[in-house]
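See below for the structure under consideration.
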Amino acid sequence: MSVRPILRGRLLLALTTALTTALTVAVVAPAAADPSGIGTLSTDYGPAAWAPASTSNYTVASRPGSHQVTRVVIHTAQGSYSGTVNWFQNPAAQASAHYTFRSSDGAVTQSVREKDIAWHAGNWTYNTQSIGIEHEGYVDNAAWLTDAMYRASAALTRNLANRYGIPKTRAHIIGHNEVPGATHTDPGPNWNWTYYMQLVNGITGVGSGTVSTSASTLNVRSGPGASYPIVGSVPDGATVAIYCQAVGSTVTGPYGTTSVWNRIGTNRYVSDAYLLTGHDGYIPNVPRC
């Protein structure tokens, strides 16, 4: 028998094996072609992508053995999601946070392992004892604070609190502006702590209601009251999601007189007097906002 077909077969097998190995490495290794490095999953928190910060921007440690983790510090990035992740990868930054959230859909990227000390709080003691969480957006623009981002961030904070034994209170879940010696104002006046802390504590329901109005559409306001600007409308008979409920101006409608307003989107409110929710006023397990 000629050995030429055998050699040809072995060569083909070797080439196939090499190609398969190369493709496998390309899938599981961080994608070098992606300048953000986003794509590899975090080993600390399942929903997060892993895009490691430059080693110049954090301190290697072995928490919680080396330092007890007792707090979560909430930040507003003053920038975009991808820009923040990229900045942490820049050795010149001299700053980092453990996690960063995207406004549009609540996507999250981890930049520093939880065992290590991110440089985010401007206070070394607080850095050593905390997890830092950045949020895409700007302190003076509430439009960035979406329900998707609030809920995704609160799910992470709840997870961290459960794993590290951090009390789910405002004494232990704080803003950057509350760190001793802080010169930053984030997360800023638009950050809704009441809503966020309810989500952290497991009040995470989403209600629904059907619009009933004598007109063809119902005005949507930017805040919980008739004096807030109109930012849109919803048609009569439409079903809307209710992410949280707030106290506002008193309104009379098809379902009585009430001061309860329902947030149906980011900075989008309608009076409960015009929604059939199946409940008189507040809906069980839907947060207040």
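Sequence positions, counted from 1, serve as the residue numbers for this chain.
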Counting distance only, does the side-chain N/O of [X] pair as donor-acceptor with the main-chain N or O of [Y] below 3.5 Å?
X	Y	result
Gln245	Ile283	yes
Ser62	Gly65	no
Thr128	Thr125	yes
Asn123	Pro180	yes
Thr146	Met149	yes
Ser96	Trp119	yes
Glu136	Tyr81	yes
Ser222	Asn267	no

Ring-face cation contact, Tyr195 with Arg263, 6.0 Å cut, 45° max: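 The answer is yes, since Arg263 meets both limits relative to Tyr195.
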Regarding Arg170 and the six-membered ring of Trp193, is the cationic atom NZ or CZ under 6.0 Å from the ring centre and inside 45° of its axis? yes
Testing the 3.5 Å rule here: is there a donor-acceptor pair between the side chains of [X] and [Y]?
X	Y	value
Ser130	His120	yes
His176	Asp186	yes
Ser249	Tyr228	no
Asn162	Arg158	no
Thr157	Tyr196	yes
Thr76	Trp191	no

Check the surroundings of atom CD in Gln68: do more than 12 heavy atoms from other residues, nucleotides or ligands lie under 6.0 Å from it?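 Count not over threshold, so no.
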If you count heavy atoms of other groups shown closer than 6.0 angstrom to CG of Asn141, is the number above 12?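 For Asn141, atom CG is crowded (more than 12 foreign heavy atoms under 6.0 Å).
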Cluster check [X], [Y]: I/L/V/M/F/W/Y, side chain < 4.5 angstrom:
X	Y	value
Leu156	Ile131	yes
Trp261	Ile242	yes
Ile74	Met197	yes
Ile173	Val108	yes
Val200	Val72	yes

Going through the checks in order, is the side-chain contact (heavy atoms from CB on, under 4.5 Å) test met by Ser212 and Tyr274? CA-CA 5 Å; Ser212 178; Tyr274 289 90; 6.0 Å; no
Take His98 and Val112, measure what side-chain contact (heavy atoms from CB on, under 4.5 Å) needs, and give me the verdict at the end. CA-CA 5 Å; His98 292 92; Val112 178; 3.8 Å; yes
Do the non-hydrogen side-chain atoms of Ile166 and Thr70 ever get within less than 4.5 Å of each other?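 No; the side chains remain at least 4.5 Å from each other.
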Does any part of the side chain of Phe101, heavy atoms only, come nearer than 4.5 Å to the side chain of Ile133, both counted from C-beta? yes
Residues Arg63 and Asp116 bridged, charged N to O under 4.0 Å: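 No, no charged N to carboxylate O under 4.0 Å.
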Non-hydrogen atoms of Val234 and Arg268 that approach each other most closely: CG1-NH2, 4.4 Å
Run the side-chain contact (heavy atoms from CB on, under 4.5 Å) check on Val251 and Thr257 step by step: do they pass? CA-CA 6 Å; Val251 173; Thr257 299; over 6 Å; no
CA sep, side-chain torsions, deciding dist, call: Arg113, Thr43, side-chain contact (heavy atoms from CB on, under 4.5 Å): CA-CA 8 Å; Arg113 290 289 307 278; Thr43 57; 3.6 Å; yes
Name the residue from Glu134, Gln110, His135, His75 that meets the side-chain contact (heavy atoms from CB on, under 4.5 Å) definition with Tyr99.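 Testing Tyr99 for a side-chain contact (heavy atoms from CB on, under 4.5 Å) against Glu134, Gln110, His135, His75 leaves exactly one candidate, Gln110.
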Mind checking the OG-CG spacing from Ser271 to Asn262? Nearest 0.5 Å is all I need. 7.5 Å
